[in-house]
Structure formats: structure tokens, C-alpha cells
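To start, the structure under review is shown below, and the notes come after it.
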Amino acid sequence: MIEHIAVQLRDVITQYPDEYATRIWDGAGWRTQTFAEFGRRIDQVAQGLLDMGIETGDRVGLFANNMPQWSEIDFGAATVRAVPVPMYATSTPEQIRHIVGDSGLKVLFVGGQSEADRALEVADELHELRKIVVINPYDGMPDRLEAYEEFLTEPRNGEVDQRLAEATGEDLASIIYTSGTTGEPKGVMLQHQALIRQKHAVEAFFEFDHNEHSLAFLPLSHALERAWTTIVLLKGCMNTYVENARTVAEQMVLAQPTLMASVPKLFETVFATAHQKVASSPAKRAIFTWALRVGAKNQHAYRKGQEPPFWWKAQLPLADKLVHGNVRAAMGGPKKVLACGGAPLRREIEEFFSAIGMPIYSGYGLTEASPLISFNSPSGFKIGTAGKVMNGGEIRIGDNGEILYKGPNLMAGYWNDEEATRETIVDGWLHTGDVGYVDTDGYLVITDRMKDIIVTLGGKNVAPQPIEGLILSDPLFEHAILLGDNRPFVTLLVKPSLPHVEELGRMREWPGEVQDWLKSNELLEELRQRVAQITERLPSQERPKDTALIDEDLSMESGMLTPTLKVRRRQVEERFKARIEEMYERLEQARRNRD
């Protein structure tokens with residue numbers, strides 16, 4: 001069969017016409033559509049695009065939160081061999097201007113009034129943009145906007161089928177603009193054949209069929225959720241869409257998904273919440289610790305292909321009843337596949353989920369690789385690693401420990417940027433910009449991002465991510481950002497977790513409320529002591545010489561977090577520049593006083 005997602009989805013629709021393809025919670029119940037209904041909507045989008053003159057290779061914009069219509073438009077564009085260009089629903093007018101202008105969008109589908117208002121701010125500057133279609137129309141909508149339901153057109157004269165009949169695997173499936181932590185976003189061109197070969201690589205190691213169902217809460221604009229949703233739908237599975245990612249905890253329990261891809265932040269939150277619930281009771285803590293130890297002993301044996309010792313196996317049902325089952329219930333029940341990507345996952349969190357019988361299959365990838373490079377699987381699982389390279393791919397370690405990748409899912413290049421393409425793909429090898437190594441068992445270990453490596457004035461190289469991960473093992477810390485590039489030594493910015501600050505303040509009987517404590521010397525001193533204790537065994541150049549507190553939220557809206565909730569290091573440093581300078585000046589003054 002042709003390696004094209006729209007072609008292959010038609011086969012799935014034929015096989016499972018009456019089974020559910022999409023689902024979304026509307027506050028009162030589930031709104032669902034079968035694969036047959038989903039297919040009809042896709043064809044209606046396709047005909048609407050043909051009617052407005054969309055040609056093969058024309059770009060179609062998607063600017064909305066997760067919803068079934070997102071996938072209807074995605075596959076509808078693919079059906080007429082157009083190229084979907086997704087944008088994060090948090091995008092600013094400036095970002096919209098760049099992406100729409102750079103890609104030359106002909107039509108832009110927006111979620112609702114918020115997205116429409118931002119698009120309209122810059123629409124007059126975007127001369128190739130012919131139409132803006134609003135998925136959820138609103139009162140007072142300007143005449144220049146068109147409602148989604150009015151855009152949909154019944155297929156006629158076999159026009160849609162004729163266009164799709166010319167599809168090839170080399171057609172562009174998408175142009176995804178990188179949301180990276182630094183630099184101007186570049187349009188990554190991904191081909192249909194890359195997405196299909198990625199699907200085959202996943203199928204080789206994970207066994208699941210059309211009876212499973214997934215929860216899509218990461219932005220569909222991100223390569224990870226986009227690729228995973230494609231796999232889910234092409235397997236004939238139902239996909240549940242979470243429009244507001246902040247509701248994911250509630251939605252997991254409602255939806256009871258058996259498949260899910262996530263980023264570390266979700267797992268970190270579940271881990272911290274579980275520990276917080278038992279923190280105030282020595283008896284609960286003891287039971288919790290015992291249950292995790294029982295689970296860990298059993299899982300360690302299973303991972304080695306062995307039967308657990310009778311003593312540990314016999315205790316497992318009680319540990320499961322008292323602790324493990326409650327955590328799994330909070331995650332929406334057992335999972336056939338629970339994948340994690342987007343950023344490194346701390347080892348203790350992997351151990352925790354493994355102990356409760358819910359192993360997380362961590363992987364590694366980049367948008368430029370569609371995005372899959374390596375992953376753990378049931379038959380190849382090693383905690384603390386990003387798994388083994390996907391089938392058909394190769395990994396090589398280049399200069400300065402940089403990870404290089406070659407495989408069937410590499411991008412076709414950057415849109416309108418041949419120079420950047422030549423710099424990134426050299427002799428067929430993708431230069432990832434990440435540092436790591438392949439261990440003796442063939443598992444990839446990521447140590448840091450090359451651009452994030454701190455080089456102090458003394459010439460010492462410090463990889464911040466492992467140190468930040470170590471500090472974040474204490475649930476009092478929500479974010480930790482190591483500083484020190486071109487400085488005499490490293491320091492630290494931390495954002496404390498408000499629930500844990502509140503718990504600590506009550507226990508210590510600090511006067512006032514949480515907002516008062518965030519500005520108190522008592523809290524700052526507590527944070528500094530914990531950092532010193534956590535990092536005491538690190539080499540001197542890796543130990544923060546001081547810690548400063550951030551008392552405001554880091555968010556996507558503020559530009560300080562990426563859509564996968566990674567800290568944008570440069571933006572944070574710029575935002576808190578005065579506080580950082582004050583910290584270094586204080587340390588310098590202290591040094592002078594000592595001298």
C-alpha cells in the first residue's frame with residue numbers, strides 16, 4: 001500500500017466503519033464519531049479545499065487546541081495532497097505572522113474567537129492568505145471569517161478521489177515549525193513515508209489493536225502528539241481529545257485510556273502528589289515505602305526475565321491494594337502503552353511507575369526525525385535510558401559527544417532554508433545538538449543539550465540537566481535552572497512548588513500565608529540548605545554557589561516554557577536578569593570581604 005496517511009486511513013475506515021474514531025468530553029458527556037463519520041468529514045474538508053482552489057503542495061494552517069476537527073482538517077488536507085502547517089494555540093500574533101508568511105499559507109483554520117482575533121491582527125500583512133475558517137464560530141464574527149460547518153462541502157464528481165489517487169509517500173505530510181528553546185522557528189518538512197515507517201517501527205515492538213484507545217492531551221501541533229495520534233488512528237483505535245491540557249488529571253479518570261504519550265511533567269506531578277498525600281502521616285509513609293519496595297523487587301526480577309522470589313511476590317497483592325492500584329486509578333487505569341518523550345525523565349520517577357506496575361516507555365526524538373529516534377519497549381527496557389534506536393535507523397556519536405542520527409524518518413529539510421538544512425544534515429546524518437552515548441547494551445543515554453552546556457570563566461564544562469534533575473527529585477522544587485555560562489561559577493534559580501511550600505509553612509508554623517512565605521528569608525534559607533545537601537557530593541564546579549527564588553509562574557503564555565513544558569533557558573535568564581546579576585554581585589562582594 002502507498003505510504004501515505006490519507007490513503008492508509010481509508011483502508012482503516014473500510015475495516016472499522018462502525019467503531020469509534022474520535023471522542024471529546026463536552027462537560028456533560030462524550031461526543032463521539034465512528035470511523036465512517038470521521039471519513040465523511042475528512043472528505044468534506046477535502047472538497048472544501050478543492051473548491052477554494054487548493055493545489056497539490058499548497059499549505060493549510062491549523063491554529064487550534066486539540067479537538068476532533070483538528071484531525072479532520074489534517075487528514076482532509078492530506079487527502080488533496082496539501083500540506084498541513086500546525087501552530088500552537090498559544091501562538092502570539094508575531095509568531096502567527098512568521099509562520100503564515102514563511103510557509104505561504106492559503107487558508108488558516110482557527111479554533112475560536114481567541115485564535116481568530118490574533119490571526120486578524122496580522123491578516124492584512126499576509127497577502128497569500130485567502131481565507132480564515134473558524135471551527136467554533138462566535139457572536140459578532142467579522143464577515144471575512146467563515147464558519148467551519150459552512151466550509152464543509154459534500155464531495156462530487158470524484159474530484160477528491162482523483163486527487164488522492166496521485167498521492168505518493170514523498171508528499172509532504174506537514175511543515176512543523178520548531179518550538180525550540182532558542183532561535184527563530186524553522187519549518188521542518190516531514191514526508192508521509194516517514195510517518196508510516198515510524199508506525200511500522202512502533203508496531204514491531206508494541207502489540208495493540210483497534211480495541212485500545214488513546215488520550216491526546218499534548219498539543220497536536222507538537223511532533224510527538226501528532227505522530228502518536230497518526231499511529232493511533234491508523235491502527236483503528238479511538239482517540240480522545242483533551243482541549244484544555246490543564247484538565248488532563250480529570251480527563252484521564254473519565255476516559256480510562258489504555259494508550260497515552262506524555263511529557264515528563266505529567267509523571268512528575270503524579271509522583272509528587274502521591275508522595276505529598278502520605279507526607280503528614282508516619283504510618284502512611286511507612287506503608288507507601290513498603291509497597292514501592294515490594295513492587296520494585298518484583299519488577300526488577302521481571303525486567304531480568306526471572307520469576308520474583310516467593311517472599312516478594314506473596315506481598316504484591318496487598319501492596320497493590322493499598323498503594324499501587326490507587327496510583328494506577330489516578331492515571332485512568334492500566335495502560336497497554338505509556339510513552340514519554342520531549343525531555344529526560346528522572347530515574348526515580350521511572351522506578352516509581354515501574355514499581356506500581358505501570359512501566360513508562362521513555363524515548364528520544366526531534367521534530368527533524370518525525371520525531372522518533374529511539375525508544376524503550378516491553379522487549380527492550382532499561383531505566384535511565386532513551387531505549388534502542390528504531391528499526392531502520394542508525395546512531396553515531398560525533399564530535400563533543402553529539403548524537404547523530406540517520407534513518408527512514410528524517411525530514412526532507414527545512415522549508416525555505418537550504419543553508420540550515422545543510423548545516424543540520426551532513427552526509428545523511430542529522431546533527432541533533434544533543435549530547436549522549438550508547439551504552440554497552442545498545443541503549444541510548446542522553447546527557448544534555450549542546451547549546452545548554454555551561455562553560456565557566458575557568459573553562460569548566462557543566463551539563464545542567466543532570467544537576468537540575470537531581471535538585472528536582474525534592475518535591476519542594478517545581479523548576480530549577482542552573483546558570484553560569486561565562487561566569488566564574490554556577491548558581492541556581494528555583495521556582496518552589498506552592499502546595500509543598502504551604503505544607504512546609506504550616507509544619508514550621510511560619511506566620512502569614514503562602515504569598516508571605518514566598519518572600520520570606522525562612523523559605524529561601526530552606527531552599528538553599530536543601531540545594532547544598534542534594535549537591536554536596538558533586539564536583540566543586542557543579543555545585544551552585546548561591547540560589548535565588550522565582551516567585552512567579554513559568555508558563556507557555558509567558559514564553560518561558562515550551563509546549564512540552566521544557567524551560568526556555570534563555571528567556572528565563574532574560575526575564576530574571578536583574579535578580580541573577582544581584583546574586584553574582586553579592587557573591588563577588590562576599591569574596592572581596594573575605595580577601
Side-chain angles (χ1 to χ4, degrees), residues 176 178 180 188 190 193-208 218 222-228 230-231 259-264 267 303 337-347 349-351 353-354 359-398 400-411 424-426 428-450 452 463 465-466 469 564 566:
I176 298 181
T178 56
V188 179
L190 303 180
Q193 61 190 9
L195 297 179
I196 297 299
R197 290 176 191 182
Q198 219 167 230
K199 171 179 175 281
H200 294 330
V202 169
E203 287 175 318
F205 293 93
F206 293 94
E207 293 185 10
F208 63 94
L218 297 178
H222 189 268
L224 174 58
E225 187 62 73
R226 177 80 178 293
W228 177 245
T230 299
I231 292 171
L259 310 168
M260 198 164 74
S262 181
V263 291
F267 302 119
R303 289 207 299 268
V337 178
L338 186 59
C340 180
L345 185 63
R346 301 204 311 270
R347 187 183 188 94
I349 294 176
E350 286 193 89
E351 292 282 11
F353 277 90
S354 175
I360 299 171
Y361 298 108
S362 292
Y364 165 70
L366 279 80
T367 303
E368 289 84 348
S370 306
L372 196 59
I373 289 178
S374 66
F375 56 88
N376 281 282
S377 68
S379 61
F381 183 79
K382 191 172 186 179
I383 282 178
T385 76
K388 295 184 176 182
V389 66
M390 70 165 259
N391 282 2
E394 300 175 63
I395 287 176
R396 193 172 78 189
I397 305 302
N400 302 314
E402 183 180 14
I403 299 164
L404 310 181
Y405 174 73
K406 178 189 288 186
N409 55 335
L410 270 190
M411 67 172 178
T424 304
I425 300 180
V426 181
W429 290 92
L430 173 68
H431 286 242
T432 66
D434 290 314
V435 179
Y437 62 91
V438 178
D439 71 10
T440 53
D441 296 319
Y443 290 85
L444 179 64
V445 179
I446 313 296
T447 55
D448 222 304
R449 182 91 185 141
M450 287 183 74
D452 288 344
Q465 284 188 6
T564 53
K566 289 186 286 189

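These figures come from a predicted structure and were not determined experimentally. Residue numbers start at 1 and run along the sequence shown. The analysis underlying the following values was restricted to heavy atoms, covering all of them including side chains, and did not include hydrogens, waters or symmetry mates.
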What's the spacing between [X] [atom1] and [Y] [atom2] if we round to 0.5 Å?
{"X": "Leu410", "Y": "Leu430", "atom1": "CG", "atom2": "CG", "result": "5.5 Å"}
{"X": "Met260", "Y": "Ile360", "atom1": "CE", "atom2": "CD1", "result": "9.0 Å"}
{"X": "Tyr437", "Y": "Ile397", "atom1": "OH", "atom2": "CD1", "result": "10.5 Å"}

- Query: Do side-chain atoms of His222 reach the backbone of Leu224 as a donor and acceptor pair under 3.5 angstrom?
  - Reply: yes

Testing the basics here: between [X] and [Y], what is the closest heavy-atom pair and its distance to 0.1 Å?
{"X": "Ser374", "Y": "Ala386", "answer": "OG-O, 2.8 Å"}
{"X": "Ala227", "Y": "Ser370", "answer": "CB-O, 3.6 Å"}
{"X": "Glu368", "Y": "Val188", "answer": "CA-CG1, 3.8 Å"}
{"X": "Ala201", "Y": "Phe205", "answer": "O-CD1, 3.4 Å"}
{"X": "Pro408", "Y": "Gly392", "answer": "CD-O, 3.3 Å"}
{"X": "Phe381", "Y": "Tyr443", "answer": "N-OH, 3.2 Å"}

- Message: One pair to check against side-chain contact (heavy atoms from CB on, under 4.5 Å): Val263 and Lys566. What are the steps and the verdict?
- Response: CA-CA 9 Å; Val263 291; Lys566 289 186 286 189; over 6 Å; no

- Does Lys199 pair with Glu203 as a salt bridge, N-O distance under 4.0 Å? yes

- Item | SB check Asp441 Lys388 (cutoff 4.0 Å) |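 No, no charged N to carboxylate O under 4.0 Å.
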
Are the side chains of [X] and [Y] in touch, meaning some heavy atoms are under 4.5 Å apart?
{"X": "Leu404", "Y": "Ile395", "result": "no"}
{"X": "Glu350", "Y": "Ser362", "result": "yes"}
{"X": "Tyr364", "Y": "Phe375", "result": "no"}
{"X": "Pro466", "Y": "Asp448", "result": "yes"}
{"X": "Leu366", "Y": "Asp434", "result": "yes"}
{"X": "Lys382", "Y": "Asp439", "result": "yes"}
{"X": "Cys340", "Y": "Ser262", "result": "no"}
{"X": "Ile446", "Y": "Val435", "result": "no"}

- Task: Check the pair Ile425 / Met411 against side-chain contact (heavy atoms from CB on, under 4.5 Å), numbers first and verdict last.
- Result: CA-CA 9 Å; Ile425 300 180; Met411 67 172 178; 3.9 Å; yes

- Query: Within a radius of less than 6.0 Å around CG of Asn400, do more than 12 heavy atoms belonging to other residues, nucleotides or ligands occur?
  - Reply: no

- Might you work through the side-chain contact (heavy atoms from CB on, under 4.5 Å) test for Met390 and Ile373, ending with a clear yes or no? CA-CA 6 Å; Met390 70 165 259; Ile373 289 178; over 6 Å; no

- Side-chain donor-acceptor pair present, Ser354, Arg303, cut-off under 3.5 Å: yes

- Message: Please determine whether side-chain contact (heavy atoms from CB on, under 4.5 Å) holds for the pair Val337 and Trp228, giving the CA-CA distance in whole Å, both sets of side-chain angles, and the decisive distance to 0.1 Å.
- Response: CA-CA 11 Å; Val337 178; Trp228 177 245; 4.1 Å; yes

- Would you please indicate yes or no on a ring centroid separation below 6.0 angstrom for Phe206 and Tyr361?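 Yes: the rings meet the under 6.0 Å criterion.
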
- Task: Applying side-chain hydrogen bond (donor to acceptor under 3.5 Å, both in side chains) between Gln198 and each of Thr230, Asn409, Asn391, report the one that passes.
- Result: Asn409

